[in-house]
Asker: 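I have a structure I would like to understand better, so I am pasting it below and will then ask my questions one at a time.
Residue numbers run from 1 in the order of the sequence given.
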Amino acid sequence: MMRSTAAVFLAMLVVATPLLASSQPMPAPPAPPTNNSRLEKAYVALQALKRAITDDPKNLTHNWCGPDVCSYYGVYCATAPDDPCARTVASVDLNHGDLAGTLPEELGLLTDLAVFHLNSNRFCGTLPDSLRSLHLLHEIDVSNNQLSGSFPSQLLCLPNVQYVDIRFNNFCGELPAAVFKKKIDALFINNNHFEFTLSESFSKSTASVIVLANLPRLGGCLPSSIGDMAGTLNELILLNSGISSCIPPEIGKLDKLTVLDLSFNSIAGTLPDTIGNMKALEQLNIAHNRLSGEIPESICALPHLKNFTYSNNFFCSEPHRCLEVPHIDDRQNCIAGRPDQRPGEQCIEFLHQPPVHCDAHGCFAPPSPPPPVY
């Protein structure tokens, strides 16, 4: 009898709940679950970053309050890779935020971070040394900031990093050769103030994209071992990097390369016809150098070549086939019958200069001594 009465009472209570709710205050929502230790560390790290931000004109961090870091703007959580029951911060993306400030050492607490994107902001100072603790980091992009100091060697300690973009900053000093021995997929370090001489170590890189542009203190020669990068290299951009050398014929081994930019350097000699073996090439820019001789027809016959720029050199001849490439620029050369070429006296003066000789390493070499006279 008591059980049936209780059942009737419970049923009446369920039916009456909407009526009771209209006359009684709503109960407080349940407390959020306690964060796990990963999210607690992430809270410490992200709050330290918020404190280090001195200007947030777009108010991106306005909701960076409280322990629920997964709800923070630009913060993305996922299941921890080693614990299917735990959530963790996997990505921080504050690109194009115009944020000003510094990067605190507490960022090293984000040990499960896979993606760290802060490009197009106004962060200054150095990258924190604690980033070496981010063993799961796959991508780091801090380009277009005001960061400084030497090359952040802590990035070389990260076992899983594949994408490194630190371009358009104020980093300076010696670029360690170990950068090119690190197994990464994309390396963007252009528009900084690094010092480095291209050597055989450069050819050790397994990256598919290498951008060393606008590094006038780079210098050195294109090594003949550049052909060793054929297995992985897709894009190579070395424009305005202080290179003084010939183009080694071994460059023709780069049969996967789609983009090659060697413009605005001091490259001399002739253009090797082995470039005609680079069947994947789509864009070739060798403008603003001191190259001479004839343009090999094999280059203009490349099946995928869409853009060929060889202006501001001293070429004297080009095959008619080159004019069939969708986009070419042959201005300011010494090509008879073509518009906008160098004055004749410049071409004659250049032709009277001693021919360029390069050694086995691609560097300029003194001409061979004349044979002895007996």
Side-chain angles (χ1 to χ4, degrees), residues 35-53 64 67-72 74-95 101-119 121 123 125-143 145 147-167 169 171 173 175-189 192 194 201 204-211 232:
N35 280 336
N36 59 39
S37 60
R38 301 170 194 260
L39 296 182
E40 289 172 354
K41 290 179 180 179
Y43 172 76
V44 173
L46 295 171
Q47 288 300 310
L49 177 57
K50 183 178 181 179
R51 290 191 301 270
I53 293 173
W64 283 30
D68 186 12
V69 295
C70 297
S71 68
Y72 287 9
V75 177
Y76 303 91
C77 293
T79 302
D82 58 345
D83 185 351
C85 298
R87 297 269 288 167
T88 190
V89 172
S91 171
V92 173
D93 189 339
L94 295 172
N95 285 349
T102 56
L103 300 177
E105 287 290 336
E106 287 87 346
L107 290 173
L109 295 172
L110 299 171
T111 51
D112 293 322
L113 200 65
V115 175
F116 189 42
H117 286 176
L118 293 179
N119 82 53
N121 286 289
F123 287 107
T126 60
L127 284 180
D129 188 65
S130 62
L131 293 185
R132 67 180 63 246
S133 301
L134 308 186
H135 291 164
L136 298 181
L137 194 65
H138 188 268
E139 296 182 13
I140 180 166
D141 182 355
V142 293
S143 61
N145 278 281
L147 297 166
S148 58
S150 59
F151 180 86
S153 58
Q154 57 269 46
L155 301 183
L156 302 178
C157 303
L158 303 178
N160 292 296
V161 70
Q162 289 294 302
Y163 182 97
V164 175
D165 191 345
I166 61 172
R167 56 186 158 171
N169 277 289
F171 293 112
L175 184 65
V179 170
F180 300 109
K181 298 177 183 178
K182 177 74 175 171
K183 292 189 179 300
I184 60 177
D185 184 56
L187 178 64
F188 299 87
I189 61 176
N192 281 286
F194 292 122
S201 64
K204 303 290 185 183
S205 177
T206 59
S208 65
V209 179
I210 300 177
V211 182
T232 56

Asker: Testing the basics here: between Pro81 and Leu136, what is the closest heavy-atom pair and its distance to 0.1 Å?
Answerer: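 Looking at all heavy atoms of both residues, the closest pair is CG-CD1, 3.6 Å.
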Asker: Which heavy atom in Ser133 sits nearest to a heavy atom in Thr111, and how many Å separate them?
Answerer: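 Minimum heavy-atom contact is O-CG2, 4.0 Å.
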Asker: So Val161 and Lys182, do their side chains get closer than 4.5 Å, heavy atoms only?
Answerer: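 Yes; the side chains approach each other to less than 4.5 Å.
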Asker: Do Arg38 and Asp82 meet the salt-bridge criterion of a basic N to acidic O distance under 4.0 Å?
Answerer: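 Yes, Asp82 and Arg38 are salt-bridged.
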Asker: So which heavy atom on Leu134 is nearest to which on Gly108, and how close?
Answerer: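 Minimum heavy-atom contact is CD2-O, 3.9 Å.
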Asker: Check the pair Ile189, Leu175 against side chain to side chain contact (heavy atoms under 4.5 Å, CB included), reporting the backbone distance first and the verdict last.
Answerer: CA-CA 10 Å; Ile189 61 176; Leu175 184 65; 3.4 Å; yes
Asker: Considering all heavy atoms of both residues, which atom of Thr232 and which atom of Ala207 are nearest to each other, and what is their separation?
Answerer: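 Heavy atoms only, the tightest pair is OG1-O, 3.5 Å.
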Asker: When you compare the side chains of Ser91 and Asp93, does any donor N or O come within less than 3.5 Å of an acceptor on the partner?
Answerer: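 Judged by distance alone, the side chains do not pair up.
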Asker: Is the backbone of Phe123 close enough, under 3.5 Å, to the side chain of Asn121 for a donor and an acceptor to pair up by distance?
Answerer: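 Flag not set: sc Asn121 to bb Phe123 has no pair under 3.5 Å.
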Asker: Please determine whether the number of non-hydrogen atoms from other residues, nucleotides or ligands lying under 6.0 Å from atom NZ of Lys204 exceeds 12.
Answerer: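 Counting neighbours around NZ of Lys204, 12 or fewer heavy atoms of other residues, nucleotides or ligands fall under 6.0 Å, so no.
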Asker: To the closest 0.5 Å, what do you measure between NE2 (His138) and CD1 (Ile184)?
Answerer: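 It comes to 11.0 Å.
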Asker: I'd like to check Cys77 versus Thr88 (side-chain heavy atoms, cut-off strictly below 4.5 Å). Are they in contact?
Answerer: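 Side chain of Cys77 against side chain of Thr88, heavy atoms only: no contact under 4.5 Å found.
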Asker: Please report the C-alpha distance between Gln47 and Val44 in whole Å, then the side-chain angles of each, then the deciding distance to 0.1 Å, and finally whether the side chain to side chain contact (heavy atoms under 4.5 Å, CB included) criterion is met.
Answerer: CA-CA 5 Å; Gln47 288 300 310; Val44 173; over 6 Å; no
Asker: Which one of Leu107, Asn145, Leu147 satisfies the side-chain contact (heavy atoms from CB on, under 4.5 Å) criterion with Leu127?
Answerer: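 Filter result, single survivor: Leu147.
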Asker: Would a 4.5 Å heavy-atom cut-off, applied to side chains only, mark Leu103 and Leu49 as touching?
Answerer: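 Counting from C-beta outward, Leu103 and Leu49 do come under 4.5 Å.
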Asker: Grab the two heavy atoms, one from Tyr43 and one from Val69, that are nearest each other, plus how far apart they are.
Answerer: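 Scanning both residues completely, I find the closest heavy atoms to be CA-CG1, 3.6 Å.
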Asker: So do Phe151 and Ile166 actually touch side chain to side chain, heavy atoms under 4.5 Å?
Answerer: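 A side-chain contact exists here, since the closest heavy-atom pair is under 4.5 Å.
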Asker: Can you check whether Glu139 reaches His117 side chain to side chain, under 4.5 Å on heavy atoms?
Answerer: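 Glu139 vs His117: side chains touch.
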Asker: Ser130 side chain to Glu105 main-chain N or O, any donor-acceptor pair under 3.5 Å?
Answerer: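 Pair found, side chain donor or acceptor close to backbone of Glu105.
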Asker: Specify whether Phe188 and Tyr163 have parallel, tilted or perpendicular ring planes, treating 30° as the upper limit for parallel and 60° as the lower limit for perpendicular.
Answerer: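 Geometry flag for Tyr163 against Phe188: tilted rings.
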Asker: Compare all side-chain heavy atoms of Phe171 with those of Ser150 and state whether any distance is below 4.5 angstrom.
Answerer: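 Phe171 does not reach Ser150 side chain to side chain.
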Asker: Rounded to the nearest 0.5 Å, what separation is found between the CG atom of Asp83 and the CG atom of Asn36?
Answerer: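 Output value for this atom pair is 8.0 Å.
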Asker: How about Val179 and Leu187: do any of their side-chain heavy atoms sit closer than 4.5 Å?
Answerer: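 In contact.
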Asker: Under the side-chain contact (heavy atoms from CB on, under 4.5 Å) test against Ile140, which residue among Asn119, Leu158, Leu113, Leu131 passes?
Answerer: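 Single pass found, and it is Leu131.
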Asker: With rounding to the nearest 0.5 Å, note down the distance linking CG in Asp112 to NE2 in His135.
Answerer: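 So the CG of Asp112 and the NE2 of His135 are separated by 11.5 Å.
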Asker: Nearest heavy-atom pair of Ala90 and Ala78: which atoms, and what distance?
Answerer: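 Between these two residues, the closest heavy atoms are CB-CB, 4.0 Å.
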Asker: Please determine whether side chain to side chain contact (heavy atoms under 4.5 Å, CB included) holds for the pair Ser205 and Ile210, giving the CA-CA distance in whole Å, both sets of side-chain angles, and the decisive distance to 0.1 Å.
Answerer: CA-CA 9 Å; Ser205 177; Ile210 300 177; 3.5 Å; yes
Asker: Is a donor on one side and an acceptor on the other found under 3.5 Å between the side chain of Gln154 and the backbone of Pro128?
Answerer: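 A pair under 3.5 Å: yes.
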Asker: Using a 4.5 Å cut-off on heavy atoms from C-beta on, say whether the side chain of Val92 contacts that of Val115.
Answerer: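 Val115 vs Val92: side chains apart.
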